[in-house]
Amino acid sequence: MSFIFEAGALKRAARTGWWFAGVKHPESIAEHSFRTALIGMMLAAMEGADPARVSMLCILHDTQETRITDIPHIAKRYLTAAPNTAVTADQVADCPPAVADLINAAVAEYEAGETLEAVVARDADKLECLVQAVEYRHQGVADVQRWIDSSQAALKTPSAQPDIDVGCRPAPSGFHICR
């Protein structure tokens with residue numbers, strides 16, 4: 001139960017990088033992870049990956065932030081956090097072995113980024129950030145283009161390639177971002 005209660009803190013923890021763009025009340029880490037899992041499920045279906053596995057990787061990809069917080073990109077120049085695999089191992093140390101093994105393996109897979117499921121989950125994370133940036137732009141936040149550009153540049157799978165320049169017409173990949 002301790003891991004479940006700890007994960008609940010993600011509902012109250014903000015995605016702090018958005019403060020640099022001028023977002024006063026950014027979405028929570030849990031909100032980000034939820035939509036990342038939905039995007040991951042969809043991308044997995046399009047890429048031939050296991051949607052359930054991708055969704056699990058997406059849900060777990062930021063659980064470490066209950067302990068190390070959501071360190072903004074700029075802060076990573078100055079800080080070195082413990083590896084996510086080590087944080088996760090501590091978080092689940094008191095869980096039943098089957099649960100701890102499952103969560104540790106999933107986080108290690110995501111961090112290694114070598115399986116199709118991990119690649120798709122990482123794309124889901126970047127695509128969710130890109131979509132959130134576009135939503136913030138629609139809400140009047142002007143300084144989000146660097147999030148859009150860096151997120152789009154990091155995408156690896158063909159299905160994750162959004163078309164942000166075509167207005168509201170669907171992109172061939174199935175994803176489109178309306179301006």
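The structure presented is a predicted model; accordingly, all values stated were derived computationally and were not measured.
- Under the 4.5 Å side-chain heavy-atom criterion for Ile, Leu, Val, Met, Phe, Trp and Tyr, L43 and L57 are members of distinct hydrophobic clusters.
- Residue T36 comes nearest to A121 through the heavy atom pair CG2-O, 4.4 Å, listed as atom of the first residue, atom of the second, then distance.
- When every heavy atom of V54 is checked against every heavy atom of A49, the shortest pair comes out as CG2-CB, 4.2 Å.
- Here the side chain of E47 pairs a donor or acceptor atom with the backbone of S159 at under 3.5 angstrom.
- For the atom pair CD1 (I39) and NE2 (H32), the distance works out to 8.5 Å, reported to the nearest 0.5 Å.
- By the 4.5 Å heavy-atom criterion applied to side chains, F20 and H73 are not counted as neighbours.
- If you chain together hydrophobic residues whose side chains sit under 4.5 Å apart, F34 and M41 fall into the same group.
- The heavy-atom pair separating Y110 from A118 by the smallest distance is CA-CB, 4.1 Å.
- The cluster map of Ile, Leu, Val, Met, Phe, Trp and Tyr, joined by side-chain heavy atoms under 4.5 Å apart, puts W19 and Y78 in different clusters.
- Side chain of T88 to main chain of V107: no donor-acceptor pair is present (N/O by atom type, distance under 3.5 Å, no hydrogens or angles).
- A donor-acceptor pair under 3.5 Å is absent between the side-chain atoms of D123 and the main chain of A160, judged by distance alone.
- In summary, the side chains of R35 and Q132 do present a donor paired with an acceptor at a separation below 3.5 Å, with no hydrogens or angles considered.
- Annotation: the span from T157 atom OG1 to L116 atom CG amounts to 8.5 Å, rounded to 0.5 Å.
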* Give the C-alpha distance, both sets of side-chain angles, the deciding distance and a yes or no for side chain to side chain contact (heavy atoms under 4.5 Å, CB included) between R137 and Q145. => CA-CA 8 Å; R137 182 172 61 196; Q145 192 61 45; 3.3 Å; yes
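- Side-chain contact annotation: E6 with T66, donor-acceptor N/O pair under 3.5 Å present.
- The 12-atom threshold is exceeded at CZ of F3, counting heavy atoms of other residues, nucleotides or ligands nearer than 6.0 Å.
- Looking at T63, its side chain does come within 3.5 Å of a backbone N or O of L60 through a donor-acceptor pair.
- Atom CG of D94 sits in a sparse spot, with 12 or fewer heavy atoms from other residues, nucleotides or ligands closer than 6.0 Å.
- Inspection of the H61 and N84 side chains reveals no N or O donor paired with an N or O acceptor under 3.5 Å.
- Counting only heavy atoms from C-beta outward, the side chains of I74 and R77 approach each other to under 4.5 Å.
- Expressed to the nearest 0.5 Å, how far CD of E128 lies from OG of S151 amounts to 9.0 Å.
- Ion pairing between E31 and K11 fails under the 4.0 Å rule for side-chain N and carboxylate O.
- Going from atom OG of S33 over to atom CG of L38 covers 11.0 Å, rounded to the nearest 0.5 Å.
- For Q64 and Q91, the side-chain atoms include no donor-acceptor pair closer than 3.5 Å.
- Taken to the nearest 0.5 Å, the CG atom of D70 stands 5.0 Å off from the CD1 atom of I29.
- Taking the charged nitrogens against the carboxylate oxygens, R122 and E117 have no contact shorter than 4.0 Å, which rules out a salt bridge.
- Residues W147 and V23 fall within the same hydrophobic cluster, defined by Ile, Leu, Val, Met, Phe, Trp and Tyr side chains chained together at heavy-atom separations under 4.5 Å.
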* Trace of the side chain to side chain contact (heavy atoms under 4.5 Å, CB included) decision for H25 with W18 -> CA-CA 9 Å; H25 302 289; W18 293 115; over 6 Å; no
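- Here the straight-line distance linking atom CG of N104 with atom OG1 of T85 works out to 8.5 Å at 0.5 Å rounding.
- Between A45 and P51 the shortest heavy-atom distance is N-CG, 4.3 Å.
- Following chains of ILVMFWY side-chain contacts shorter than 4.5 Å, one can reach L130 starting from V144, so the two form part of one hydrophobic cluster.
- Side chains of I68 and V87 form a contact here, defined as non-hydrogen atoms less than 4.5 Å apart.
- The shortest non-hydrogen separation linking M56 to A106 is CE-CB, 4.0 Å.
- Here the closest heavy-atom approach between residue P26 and residue Y136 is recorded as CA-OH, 3.2 Å.
- Contact annotation: the side chain of I71 never approaches that of E65 to less than 4.5 Å [non-hydrogen atoms, C-beta and beyond].
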